[in-house]
Novice: 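Let me begin by handing over the structure; questions about it come next.
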Amino acid sequence: MPQRKGRILSGLRPTGKIHLGNLEGALRQWVSLQDEYECFYEVADWHALTTAWEDPSALEQDIRDAVTDWLSVGLDPDKSVIFVQSSVPEHSELHLLLSMIVPVSWLELNPTYKDWLQEGKAPHYGLLGYPVLQAADILIYRADTVPVGKDQLPHLEMTREIARRFNRLYGNVFPEPQALLSEFPYVPGMDGRKMSKSYHNHIQLADPPQTVQQKVSQFFTDPHKLRRTDPGRPEICPVFALHKIYNGTEAQGIGEDCRIGKLGCVACKERLAGKLNEALEPIRERRARWEQRPSEVDEILAVGAAKARQEAVKTMEQVRAAMKLWSPALERTPEA
RNA sequence: GGGGCGGUAGCUCAGUUUGGUAGAGCGCGGGACUCCAAAUCCCGUGGUCGGGGGUUCAAAUCCUCCUCGCCCCGCCA
């Protein structure tokens, strides 16, 4: 293995087939980091349970769909460790131990938690502890680098504080993970809000060309541009935002033509759909191949889990030693 | 363990007092209008009324048992 810059842990909750927002917000960067860093990419199925606990029955398929997409966009199991969080039970042990040193007051500031309360919903233990589990995810691999967007910085700061507190109390076990800050293009959905599965405004990588075309035609546009020849405002148009991502060479001209009323929205959308399908086609082809080999996907996850677990087990040995915990012969497993 | 409140459309809820054809808003689908989309207007889709049993000509509504959820109190660790 060549010398790498450091070790990365990143993950996504398995929400099924991934969409353009996931692709631009995380996966594209994951792919590009594979050669420079030692990468651990996690399917955070326990995190998904914080909202899907009532009916987890779809999780299994969602995990398969997500990983199939990950592989289709170029995550390479020979370069990166691709695994499912719950396949590495050591995460839960570290989470438990960390939960002892995390004041509840830190967690009550979490915006997600506060929103939950605001909506009058009954919060549960797991939701409150979400940031602790995130910290465990990162620290258990002794990752020193975490790729994040600006909005995710506070979450990483929590992990750093937890690591500092642990290291001060018990000894220096964890590197304090650094943010690998990067600018992600804003990916709007069909209604102009941020693309998200929960808004139902998303375009999936697995969508067939006709579906992509249809969804693009349903995109929100500048409401001032009522007629084809009316001047539009590309800066507020989600279709233009996507042109900038997927039609880099023509985007500027399209923006100008829109602004002077030379280009109508129908034509503009048709051109975008074409570019989008051009970009998605190779992904779709690879996806079709992976779909025919589900057992290979399972095998990749099994190998990934074994590699991940190897590191996690090592970390937990250090953690138990640092905390001077009772340490029986854990290797002795019950007779089958 | 005790008590209070609640479960009605995909979502938020009204309707229960006084039994009489199950509603509204939002969402969703279609249409009109628009180069699309949005907005607006029109039309439509919407339900084991948590479950069983009972009273009654008739029960979302009254009685009863059960179940689930939230809150408060008590007890134990």
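Below, all heavy atoms of this structure are taken into account, side chains as well, without hydrogens, waters or symmetry copies. Here is how names work: the chains are called A, B, and so on, in the same order as the sequence lines, proteins then strands, and each is numbered from 1. Treat the numbers as computed from the prediction; the structure is a model and nothing was measured.
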Novice: Mark yes or no for whether A:Lys225, through its side chain, and A:Arg228, through its backbone, hold a donor-acceptor pair below 3.5 Å.
Specialist: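 Such a contact is found between A:Lys225 side chain and A:Arg228 backbone.
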Novice: Is it the case that more than 12 heavy atoms not belonging to A:Lys197 sit under 6.0 Å from its NZ atom?
Specialist: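 Above 12, so yes.
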Novice: Just jot down the ring pair (Phe, Tyr, Trp, His ring centres under 6.0 Å) partners of A:Trp53, sequence neighbours excluded, or say none.
Specialist: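 With sequence neighbours excluded, A:Trp53 shows a ring pair (Phe, Tyr, Trp, His ring centres under 6.0 Å) to A:His124, given in chain and number order.
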Novice: Of the nucleotides B:A37, B:C35, B:C70, which one has an atom closest to the side chain of A:Ala122?
Specialist: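 The closest nucleotide is B:C70.
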Novice: Just by distance, do the side chain of A:Gln34 and the backbone of A:Asp76 share a donor-acceptor pair under 3.5 Å?
Specialist: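 Between the backbone of A:Asp76 and the side chain of A:Gln34 there is a qualifying donor-acceptor contact (under 3.5 Å).
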Novice: Rounded off to whole Å, could you give me the CZ-to-P distance for the A:Phe219 and B:C35 pair?
Specialist: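 So the CZ-P distance, A:Phe219 to B:C35, works out to 21 Å.
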Novice: How far does the P atom of B:U16 sit from the matching atom of B:U56, given to the nearest Å?
Specialist: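 My reading of the P atoms in B:U16 and B:U56 gives 24 Å.
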Novice: I'd like the C1' distance from B:G31 over to B:U45, given in whole Å.
Specialist: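 My reading of the C1' atoms in B:U45 and B:G31 gives 14 Å.
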Novice: In whole angstrom, give me the gap between the P atoms of B:G1 and B:C76.
Specialist: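 It works out to 16 Å between them.
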Novice: In whole angstrom, what separates A:Leu117's CG from B:C71's C1'?
Specialist: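 Taking CG of A:Leu117 and C1' of B:C71, I get 15 Å after rounding.
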Novice: Give the ring-plane orientation class for A:His47 versus A:Tyr130, where under 30° counts as parallel, over 60° as perpendicular and anything between as tilted.
Specialist: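 Ring orientation, 0 to 90° scale: tilted.
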Novice: Nearest whole angstrom, please: distance from the P of B:C36 to the CD1 of A:Ile254.
Specialist: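 It works out to 19 Å between those atoms.
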Novice: Going by modelled atom types, is there a donor-acceptor pair between the base of B:C36 and the side chain of A:Ser217 at under 3.5 Å?
Specialist: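 Side chain to base: no pair present.
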Novice: A:Arg228 side chain: which of B:C36, B:A38, B:C35 is closest?
Specialist: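 Output: B:C35.
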Novice: Suppose you measure atom P in B:U18 against the same atom in B:C26; what distance do you get, rounded to whole Å?
Specialist: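 B:U18 and B:C26 have their P atoms separated by 34 Å.
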Novice: Using both distances under 3.5 Å as the test, list the Watson-Crick or G-U wobble partner of B:C49, or none.
Specialist: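 Pairing partner, where one exists within any strand: none, as none qualifies.
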Novice: Checking all strands, does A:Asp222 fall into the base, sugar-phosphate, or nothing category for heavy-atom contacts under 4.0 angstrom?
Specialist: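 It contacts base atoms.
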Novice: With a 3.5 angstrom cut-off on both distances, give the Watson-Crick or G-U wobble partner of B:A39, or none if there isn't one.
Specialist: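 Answer to the pairing question: none, since B:A39 forms no Watson-Crick or G-U pair.
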Novice: Once you apply the 3.5 Å cut-off to both distances, tell me the Watson-Crick or G-U wobble partner of B:G44, or none.
Specialist: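 With both distances under 3.5 Å, B:G44 matches B:C28.
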Novice: Specify the separation, in whole Å, of atom NE2 of A:His200 and atom C1' of B:C11.
Specialist: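 My rounded result for the distance is 12 Å.
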Novice: Output the rounded distance in Å from CG (A:Asp230) to C1' (B:A38).
Specialist: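 So the two atoms are 14 Å apart, to the nearest Å.
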Novice: Closer than 3.5 angstrom, by distance alone: can the side chain of A:Asp144 be matched with the main-chain N or O of A:Pro177 as a donor-acceptor pair?
Specialist: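 No, the answer is negative, given that no donor and acceptor are paired below the 3.5 Å cut-off.
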Novice: For B:G47 and B:C65, measure between their C1' atoms and round to the nearest Å.
Specialist: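 To the nearest whole Å, 25 Å.
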Novice: Can you tell me how far C1' of B:C36 sits from CD of A:Gln218, to the nearest Å?
Specialist: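 Taking atom C1' of B:C36 as the reference, CD of A:Gln218 is at 10 Å.
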Novice: Using whole Å, report how far OH of A:Tyr199 lies from C1' of B:A38.
Specialist: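 It is 18 Å, rounded to the nearest whole Å.
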Novice: Just name whichever nucleotide pairs with B:G6, Watson-Crick or G-U, keeping both distances under 3.5 Å, else none.
Specialist: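 Result: B:C68.
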Novice: Give none if B:G19 has no partner; otherwise give the nucleotide forming a Watson-Crick or G-U wobble pair with it, both distances under 3.5 Å.
Specialist: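 When the pairing criteria are applied, nothing turns out to pair with B:G19, so the answer is none.
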Novice: Take atom P in B:C73 and the same atom in B:C11, then report the distance between them in whole Å.
Specialist: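 Looking at atom P only, B:C73 and B:C11 are 31 Å apart.
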Novice: Provide the Watson-Crick or G-U wobble partner of B:C33, both distances under 3.5 Å; none if there is no partner.
Specialist: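 Pairing partner: none.
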Novice: Taking only the P atom of each, what is the distance from B:G51 to B:A22 in whole angstrom?
Specialist: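 Their P atoms lie roughly 16 Å apart.
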Novice: For A:His155, what residues pass the ring pair (Phe, Tyr, Trp, His ring centres under 6.0 Å) criterion, not counting sequence neighbours?
Specialist: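 Result, ring pair (Phe, Tyr, Trp, His ring centres under 6.0 Å) vs A:His155: none returned.
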Novice: Given atom CG of A:Asp191 and atom P of B:C28, what is their separation to the nearest angstrom?
Specialist: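 Taking atom P of B:C28 as the reference, CG of A:Asp191 is at 10 Å.
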Novice: From B:A38, B:C70, B:C35, pick the nucleotide closest to the side chain of A:Lys225?
Specialist: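 Between B:A38, B:C70, B:C35, the one nearest the side chain of A:Lys225 would be B:C35.
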Novice: Please give the distance between the C1' atoms of B:C66 and B:U21 as a whole number of Å.
Specialist: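 So the two C1' atoms sit 31 Å from each other.
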